[in-house]
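Presented below is the structure to which this report refers.
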Amino acid sequence: MSSADLPPPELYAPREPIFPRRVYGFYRNVKWALMVLLLGIYYVTPWIRWDRGPNLPDQAVLIDMGGRRFFFFMIEIWPHEFYFVAGLLIMAGLGLFLFTSAAGRVWCGYACPQTVWTDLFILVERWIEGDRNARIRLHRQPWNWEKLIKNGVKWWAWLAIALATGGAWIFYFTDAPTLFYDLIHFQAHPIAYATMAILTGTTFFFGGFAREQICIYACPWPRIQAAMMDEDTLTIGYREWRGEPRGKPDVQDHGDCIDCMACVNVCPQGIDIRDGQQLACITCGLCIDACNGIMEKIGKPRDLIGYMALTDEAAERAGAPKKPIWRHILRLRTVIYTLLWAGVGIALIVALFLRSPLDVNVTPVRNPQYVTLSDGSIRNAYDLRLRNMQGEDHVFAVSAASLATFILSFDGQPDLNITVPANQTKTVRLFVTAPLETLAVGAERTDLRLWIMDMGPDGHATDPLRIHYDTVFYGTDKSRTDDDRQEN
């Protein structure tokens with residue numbers, strides 16, 4: 001058979017299901033605690049109430065798409081303040097850089113949603129099917145009533161968790177009790193059901209079946225993290241110089257590793273940490289717990305597998321003392337990340353407390369650019385948008401400041417006071433007229449500053465909040481320039 005007749009080589013090996021064994025220890029307890037905490041926050045938060053007074057929702061955390069606002073307890077973010085959201089995303093990125101630089105993929109191993117839900121799905125699977133050996137045996141046996149019933153119960157349990165996950169997510173976008181009532185009575189909007197179905201399906205598939213493949217193939221972070229790590233980054237490693245050669249503990253010249261495969265059997269990624277650092281490793285620490293348990297049973301020192309840095313490896317091989325943990329964490333890179341993270345956070349807090357409860361936007365109407373009235377005066381039109389970010393209706397007064405003299409009116413009405421309802425935006429047409437004699441000769445544009453004063457709910461504030469908006473008044477007194485030419 002010629003090489004042309006040979007089938008093409010397989011680029012990807014078929015997936016072998018992973019059945020992690022139950023393990024006990026410090027890192028497993030940390031993961032349990034974080035799973036309960038993070039899932040509790042995710043599921044419970046939409047149901048927390050927060051009294052903001054009349055005319056505002058009482059849900060503590062709410063992404064109000066209809067009102068175009070984001071509520072977080074006492075904080076209210078409007079669309080024009082999206083820089084707060086951008087700042088939080090920047091802080092999240094810097095925080096991820098900081099923790100990865102200090103301790104490797106701690107996010108992946110302990111707090112990533114894929115890790116948390118996979119842990120929960122594996123826990124349910126273990127409750128129903130048994131520990132590792134029982135699950136392997138069930139997987140390999142042909143389909144029968146036992147396998148059908150256990151898999152059916154497991155899948156229904158996974159589906160319930162996935163459904164709760166999708167349902168919890170949509171509760172962040174509208175009032176949770178109201179939406180829950182509408183959902184169970186089939187009165188909710190189709191988008192709510194569609195979103196729940198998509199999130200339910202993805203959670204069910206990612207946590208139940210894809211699992212480690214999401215971390216290896218779908219997530220970009222394993223390929224980015226190397227840029228955040230250096231020789232002082234703490235990560236999980238195998239002390240080869242102490243464990244090799246592997247074998248029975250009572251044999252002379254054998255290392256501490258007895259090749260029991262406990263570290264491999266508990267790994268949710270199905271890797272052997274003794275082969276060195278690998279892309280699939282999420283540094284969850286379960287192999288440390290498994291190995292420490294074996295070391296205690298055979299009377300050997302703990303931490304044959306443990307958190308360490310490359311500099312620790314070199315020191316331990318040479319018999320020198322390794323660096324204390326604080327020296328791994330407090331170094332130039334982590335200090336810079338911390339300062340950047342804190343700087344963005346402080347800037348957001350300052351901006352939050354200094355922001356004005358009034359937002360103004362002025363858009364000149366350019367069709368036409370200006371109008372010449374019958375008496376020769378020039379008129380410009382502007383769309384004035386006022387956003388009242390307060391819990392009561394407020395009255396706002398508008399005035400102008402410029403070297404020229406301007407006459408202002410709203411839609412032809414001389415009253416320059418406008419009432420904006422609580423937590424709403426109001427747009428009005430503002431006309432600005434310049435009398436003939438006030439414009440500079442030949443001027444095509446004149447600087448104009450509009451002042452907006454918050455006169456309070458009753459319109460009689462003694463010390464009103466004042467903000468300004470700078471724009472331009474277009475138009476020229478052409479008749480005066482023509483007269484000047486005739487006189488010359």
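Keep in mind it's a predicted model, so treat the numbers as computed, not measured.
- The backbone N or O of Gly25 lies less than 3.5 Å from no partner atom in the side chain of Arg28, so there is not a single donor-acceptor pair.
- Donor-acceptor pairing under 3.5 Å is lacking for the side chains of Asn417 and Thr419.
- Asp58 places no side-chain N or O within 3.5 Å of a backbone atom of Trp50 that could act as its donor or acceptor partner.
- A salt bridge between Arg211 and Glu125 is present, with a side-chain N of the basic residue lying under 4.0 Å from a carboxylate O of the acidic one.
- With hydrogens and angles disregarded, no donor-acceptor distance shorter than 3.5 Å links the side chain of Trp451 to the backbone of Arg466.
- The distance from atom OH of Tyr474 to atom CD1 of Ile378, rounded to the nearest 0.5 Å, is 14.5 Å.
- Heavy-atom contacts from other residues, nucleotides or ligands closer than 6.0 Å to CZ of Phe99 number 12 or fewer.
- Put simply, the side chain of Thr283 gets close to the backbone of Arg105: a donor and an acceptor are under 3.5 Å apart.
- When each of Ile418, Leu386, Asp359, Leu465 is checked for a side chain to side chain contact (heavy atoms under 4.5 Å, CB included) with Ile452, only Leu386 meets the rule.
- Side chains of Thr165 and Tyr43: a donor on one and an acceptor on the other come within 3.5 Å.
- Within the 6.0 Å centre-distance limit, the rings of Phe204 and Phe209 are counted as a close aromatic pair.
- Salt-bridge formation is not detected for the pair Lys150/Glu129: no Lys NZ or Arg NE/NH1/NH2 atom is positioned less than 4.0 Å from an Asp or Glu carboxylate oxygen.
- Taking the six-membered ring where the residue is Trp, the centroids of Phe171 and Trp47 are separated by under 6.0 Å.
- A distance of 9.0 Å separates OG1 of Thr100 from OH of Tyr337, quoted to the nearest 0.5 Å.
- Dense packing is recorded around OH of Tyr83, with more than 12 heavy atoms of other residues, nucleotides or ligands lying under 6.0 Å away.
- With hydrogens and angles disregarded, a donor-acceptor distance shorter than 3.5 Å links the side chain of Thr202 to the backbone of Leu199.
- Between the side chain of Tyr307 and the backbone N or O of Gly285 there is no donor-acceptor pair closer than 3.5 Å.
- One N or O on the side chain of His185 and one on the backbone of Tyr181 form a donor-acceptor pair closer than 3.5 Å.
- Around CD1 of Ile467, the count of heavy atoms belonging to other residues, nucleotides or ligands within 6.0 Å exceeds 12.
- At least one test fails for Arg68 against the ring of Trp78: distance under 6.0 Å to the centre or angle within 45° of the axis.
- Relative to the ring axis of Trp221, Arg223 does not place its NZ or CZ within 45° and under 6.0 Å from the centre.
- To the nearest 0.5 Å, atoms CG (Asn380) and OH (Tyr370) are separated by 9.5 Å.
- The shortest distance between side-chain heavy atoms of Glu81 and Met389 falls below 4.5 Å.
- Of the inter-residue distances, the one linking Leu450 atom CG with Ser399 atom OG reads 8.0 Å to the nearest 0.5 angstrom.
- For Asn151 (side chain) and Trp155 (main-chain N/O), no donor-acceptor pair under 3.5 Å exists by modelled atom type.
- Judged by the 6.0 Å distance and 45° axis criteria, Arg379 is positioned over the aromatic ring of Phe431.
- The environment of Ile41 atom CD1 is dense: over 12 non-hydrogen atoms of other residues, nucleotides or ligands sit within 6.0 angstrom.
- Relative orientation of the Trp117 and Tyr42 rings is perpendicular, given thresholds of 30° and 60° on the angle between their planes.
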Open item on the list: Is there a side chain to side chain donor-acceptor pair (under 3.5 Å) between His394 and Asp454? Walk through the geometry before answering.
Closed with: CA-CA 7 Å; His394 275 238; Asp454 184 354; 2.8 Å; yes

Task: Verdict with reasoning, Phe406 to Leu448, per side-chain contact (heavy atoms from CB on, under 4.5 Å) - done: CA-CA 9 Å; Phe406 291 109; Leu448 170 64; 3.7 Å; yes

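- No salt bridge links Lys31 with Asp289; every basic N to acidic carboxylate O contact stays at or beyond 4.0 Å.
- For Arg52 (side chain) and Gln59 (main-chain N/O), a donor-acceptor pair under 3.5 Å exists by modelled atom type.
- Between the side chains of Thr233 and Arg331, at least one donor N or O lies within less than 3.5 Å of an accepting N or O.
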